[in-house]
Every structure is written in C-alpha cells, then in structure tokens.
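Notes follow once the structure below has been shown.
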Amino acid sequence: MLLFATIIVSLGVSQADDPLRPQYHMMPPKNWLNDPNGPVYYNGYYHMFFQHNPNAAVWGDMHWGHCYSEDMVHWIHLPVAIAPDQPYDKNGIFTGSTTLVDGIPVIIYTGITETNEQVQCQARPANLSDPTLTSWIKSPLNPIITHPNGRDPATAFEDDYNNYYLIYGFGTDELGGQAVLFTSKDFSNWTYLHPIHSNHYDNFWECPDIFNVSNRIVLKASLRGQDFWAIGDFDPTNLIFVPVGNDLGEYTQLIDQGKFYASKSFYDPLNDQQVIMGWTAEDDNQGEQRGWQGLHTLPRAIFLSDDGLQLRTRPIEALQSLRNEKTHRHFQNVILPTVIPFVLVPDVSGNQIEIIINWQFSMNQNLDFGMSVLSTSDGSQQTNIGIITQRNTSVMMNWDLAGWDYFSVPNIHQWSDCQPVCDQDTKCQAWTFVTDRQINNNCFLKSGIPLLNSNAACVSGVKQKGLDQQPVWIYIDRTLSQTNPAAAHSPLHGTIWMEPSSSLLNGQWFLGLNIFIDHSIIEVFEPKGGRVAITARVYPEKENAKYLGVYVHEASTDENKIIINTLDIWTLNTIWT
C-alpha cells in the first residue's frame, strides 16, 4: 500500500460503493451454449443471432436466439428467431450466417434432420418493414443443400458476374479439414464445386469464414479447439484460396490465444470495418448449476499489419461507451521495487471493469511481472496477467517450450544441431531439445512460440527475427484463480515481437495492455498494434475476490526499474437496455 500511496497520483474519482450485481453483465449476448451466428447490420440496427437452448443449460434442442443493437454495444433481447420445427431441422438449428441479397437479409443455417444428417437451410424476414426483424420464414425449398454432410455456412460473397459463392465446414481423410465451395445465381439453388481450401492440421473444420480486409483476402476456420486465420489470394480461375505465408492450424495464425472458438465476422458499414466476435465456452463443470453456458466475446475490429501479412484485432471503439466515468481512477509513474510478491492497488476494486496499463521495462533482461485481478485482499485467490522476457531467447538452457510441435527431427544428437534445423525451416518459430530422450524423438520444431517452462532436461530457442527485436510473452496465470479442481488452471499466453522503431527508447521497452473483466471472463489485448488477444475463463469462489494488485517475480539486474507509466481503471455499465 505504501508503494502506491507515496508514488501514484490519482486524477480520478473513487469507485462507486455499490458495484454492479453479478447478474448484470457487460459482454455481448450471453446465453446457453451459444455460438455467434450471422451478425448483420440492417436498416439502422446490428442483429446478433446465436445458438440457444431455451429449455435448459445443457446441449440439445438448439434454437437461434436473437438480439439487436444500435451501436454493437448495448443490446435488446428479442424472441427466438428460428426454432427446430421441421423434419430437416428437427434435431437442431446449428451455426449459420446472414447475407444481404439485393438489400434483404437472408439467413443460411445448418439444420440437423430427423436422421441426424447435416443440411443447409434458408430463412428470410417475414416483414421487412419491421426494423427488429423479429419474425423469420423458412424457405419452401429447404433443405437447399444436402451434400456434403458439413455445417456452418459463412456469409456469402459475389463475383463481378453476379455469381454467389458460399462456403461451409467439412472434412475427409484424404484432404483433412476443409471449407467446401458452392455457387448460385439466385441464392436458392446451389451447385457444389470443390473445397476452396484444405489441410491436414485437423480432420474437420468448423465455422469457416472468408472476407476482405484492406484488399487482402482472409480465410478463417475453427480447428484444434481454437480459431485460426490465413491471408492469401483468391484464384478466380480455379476458385481456390491460396495462402500467402503461413496456413490455418499453425500457431502463429491464432486469432485469439485463449478460449475463443466458432467466431463470426461481418462488415460494419457505419464504421467501415470488419468485426469479429467469438464464442467462449465454460472452463469448469458448474455451467448447468449456474443456469447458463457460454457467452460471446467483445466485438473486435479486424485490420492488417503494415506489411499486409498479419491479421490484427482490437476492441471496437464503441466499447468505451460502457465506461462509468464517475468511477475512473488514474495512476501514473509507479516505479516498482526490485521484487514484489503482491501489493494491492489502493481504493480500486471490481469484477466488471476495464483496465488500460502501460508498462516500461528494460530490454535484454530476464523479467516476470504483471497485474493481479479478481484477487482477494491477501492475494490467496487471484489471476495474474503478466509479461515475461528473456535476456537471450536464441538459446535458453534449462527451459522447455512445451507444445505446438509439428515435427520431430531425426538424427539429432545435441541441441546445437536442433537450432539450425529450425532456422532453415520457414514454418518453424521455436524449438526444444530434450536431453534425456532417445535420438529421433528429442528435437521438436514448433509452429508458434509456446510459454516458457523451467525444465533442467531441456534446451530451447526462438528463431530470431532481426537486430534488437525481442519476443515478449504475455500470459494469464490461473493457478490461484479458483479452488475447484474441475476448473481449468492451465496458463494461457500470446507472444509478440517488440520492435525498436515503435517500442524502444533509451534501452527501455514500452508495452500497453487493454484488459476487460466481466466476472468469469477476462479479455486481454495489446491495443496499439493489435498483436495479441487472449480470452480466459476464471471462477473465483471468494466474494471479496475483486481487488487489483501488482507483482514482480523477477526483476531487472540493471539500474532500470519496471515502471507503470499510466494505469486507468473504469467500472463498466451493463450492455442490456
């Protein structure tokens, strides 16, 4: 407490005494087992459809729920849009999308038939003059596609010759996971063409999506339990997607490094941006008891890196309207001592808050520091959102980079032979050599940079990018987040490369994080460059687990300290109107 009381200057107003009650959540539509389906902007409103069981907080009897909004932030519930009441969708209304066809929103969704086949079906608004689009009529032509037996149709796109194209998820042993392509002249009668793209990183793709960002084509899909993207070109002759660089399924290609799946994107004409929202499932065994399961993430704007080869995301600007300005707290120039196990941030608490923190720290140091959230006052229950750096990442003795392997290199006898193999492989981002394993099962190449784990039997390294560039690990540590052994406690992380041109001054790195907390969900972003998004689920049992703290587990060995340049905190209002 002394640390903050003597160094931090507060420019804000203290937090309100009566925080929002737990049932008031600020995240977009939260419902039972919901995937986002077919977001669309029509006639002055954003519409969100989502998978929804209206009868129980368990899988089954899937309908499409419906909400609408004027700003993509504040939402109003509407009646169920589509119910499973026909032979072709009797066993469930699964994921789909909405496309504006001649100015009319048209839904294509996956129906599960009486015999559990997956077919594609269509619905149109019953009354176009109704701005809420409350009622929908299923097409008499349903099902409009019966083969192949896949699911999750994306928003359709159109070429210069008035041909519509549609993709959905599929998979075969021969080609692996794939997005299959269909074409139509009238949006009702569809002809199967071929897979638009496929690979063997998984045997089935879910929720594929294809869209244009800054005149580059992006293909995304859900596989390996997460959402991946690839930037590429659409071959207009062969009608296939050709990745430029890395492909879906490689861990450099994650849209979000955490609990983020079955996402849907759509074009927002009001703000001229592509927006994506994901589904985050529960990460414990208490969903049915709570009475709900799963929720949507915050809407995120999609943009590209300066070279046009990397997908970036950040929270949409409209989310700032959720901030309760009366609760704003501002701190600046906080110099952290050498090591701090845990120190509370004074006069701040909340479990429905936004945090913007800007860190300053030395380059080429072994560091581990961060902020604790959803913490008890003594830190016995807490979730840590931290940063790790290493002095030398090209070779790290006694460290393991566990996971994300795609190849075990044969005939490797020592770690010094493992490193050049990674350097020469365009897919490889990092490697680990296990000293106590037999030859042919000891040099592992990784398609991303996993989180560091101390291990005396390992030597690891990260492929270097350039002079003075440094990889930084951003993590969410859930070790103390909850006591329930059935809840997830494993860490989540993302890695970014710090670059001197934009982040370095006098040997000091500068890195900002934007953190949203809503009771059981945490979303962490690197807002300046959009290089990291991490979504995590946590379930603190203690009622007073609502405080914030800071910590330094490993500090600089030089004279430079770790500094919080600025820290801003707001309580967030509910999204429901």
Side-chain angles (χ1 to χ4, degrees), residues 28 35-43 45-51 64 66 68 72 81-82 93-111 120-125 133 136 139 144-145 150-159 162-170 178-188 190 193 196-197 205-222 227 229-232 234 239 241 248 255 262-279 296 299-302 311 313:
D35 293 352
N37 294 303
V40 67
Y41 180 81
Y42 177 75
N43 200 21
Y45 294 99
Y46 298 96
H47 292 265
M48 172 61 68
F49 305 95
F50 47 94
Q51 279 183 270
W64 265 29
H66 185 189
Y68 77 106
M72 221 185 321
I82 307 176
I93 309 292
F94 281 17
T95 298
S97 296
T98 308
T99 303
L100 290 175
V101 181
D102 297 327
I104 298 173
V106 179
I107 288 171
I108 297 184
Y109 67 91
T110 298
Q120 315 313 315
C121 310
Q122 189 178 111
R124 294 179 179 244
L133 299 177
W136 292 78
S139 171
I144 57 172
I145 299 174
R151 57 184 176 270
D152 310 336
T155 301
F157 59 100
E158 192 175 13
D159 66 13
N162 299 319
N163 296 303
Y164 292 106
Y165 295 95
L166 178 74
I167 64 172
Y168 63 75
F170 188 57
Q178 54 199 268
V180 289
L181 180 67
F182 296 77
T183 188
S184 173
K185 280 287 188 182
D186 60 7
F187 215 77
S188 293
W190 294 88
L193 297 176
I196 193 174
H197 188 53
W205 288 358
E206 293 187 296
C207 299
D209 207 353
I210 188 167
F211 50 88
N212 184 309
V213 179
S214 300
N215 295 319
R216 297 305 301 263
I217 303 300
V218 178
L219 179 69
K220 60 81 48 182
S222 303
D227 275 21
W229 60 270
I231 290 174
F234 184 67
L239 300 179
F241 173 83
L248 291 89
I255 294 175
S263 62
K264 284 290 180 181
S265 78
F266 75 104
Y267 176 67
D268 169 19
L270 284 188
N271 300 287
D272 189 24
Q273 62 185 351
Q274 194 77 15
V275 175
I276 193 166
M277 298 172 69
W279 167 59
H296 292 176
R300 306 164 184 194
I302 301 172
L311 189 75
T313 64

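The figures here come from the full heavy-atom set of this structure, side chains too, leaving out hydrogens, waters and symmetry mates.
Proximity of Leu133 to Pro105: side-chain heavy atoms (C-beta onward) are separated by under 4.5 Å at one or more points.
In this view, Leu239 and Tyr165, Leu181, Leu193, His194, Phe234 satisfy the side-chain contact (heavy atoms from CB on, under 4.5 Å) rule, not counting sequence neighbours. Listed by chain and number, the residues in a ring-ring contact (aromatic ring centres under 6.0 Å, His included) with Tyr164 are Phe187 (sequence neighbours excluded). Judged as a side-chain contact (heavy atoms from CB on, under 4.5 Å), and not counting sequence neighbours, the contacts of Ser184 are Asp186, Trp190. Applying the side-chain contact (heavy atoms from CB on, under 4.5 Å) criterion to Tyr41, with sequence neighbours excluded, gives Tyr46, Pro269, Leu270. Under the ring-ring contact (aromatic ring centres under 6.0 Å, His included) criterion, Phe266 pairs with no residue at all, not counting sequence neighbours.
Judged purely by atom type and a 3.5 angstrom limit, Ser222 uses its side chain to pair as donor or acceptor with the backbone of Ala262. Looking only at distances, no side-chain donor or acceptor of Ser263 sits under 3.5 Å from a matching main-chain atom of Ile276. The backbone N or O of Ser265 lies less than 3.5 Å from a partner atom in the side chain of Asp209, making a donor-acceptor pair. Between the side chain of Thr313 and the main chain of Ile302, no donor-acceptor pair closer than 3.5 Å is present. With Lys264 contributing its side chain and Cys207 its backbone, the two residues share no donor-acceptor pair below 3.5 Å.
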Side-chain donor/acceptor pairs under 3.5 Å, residues 211-218, sequence neighbours excluded:
unit_1	atom_1	unit_2	atom_2	d
Asn212	OD1	Asn215	N	2.9

Step by step, would you call Asn162 with Lys185 a side-chain hydrogen bond (donor to acceptor under 3.5 Å, both in side chains)? CA-CA 7 Å; Asn162 299 319; Lys185 280 287 188 182; over 6 Å; no
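The aromatic rings of His66 and His47 are tilted relative to each other, their planes meeting at an angle between 30° and 60°.
Put simply, the residue from Tyr109, Trp136, Phe50 that forms a side chain to side chain contact (heavy atoms under 4.5 Å, CB included) with Trp64 is Tyr109.
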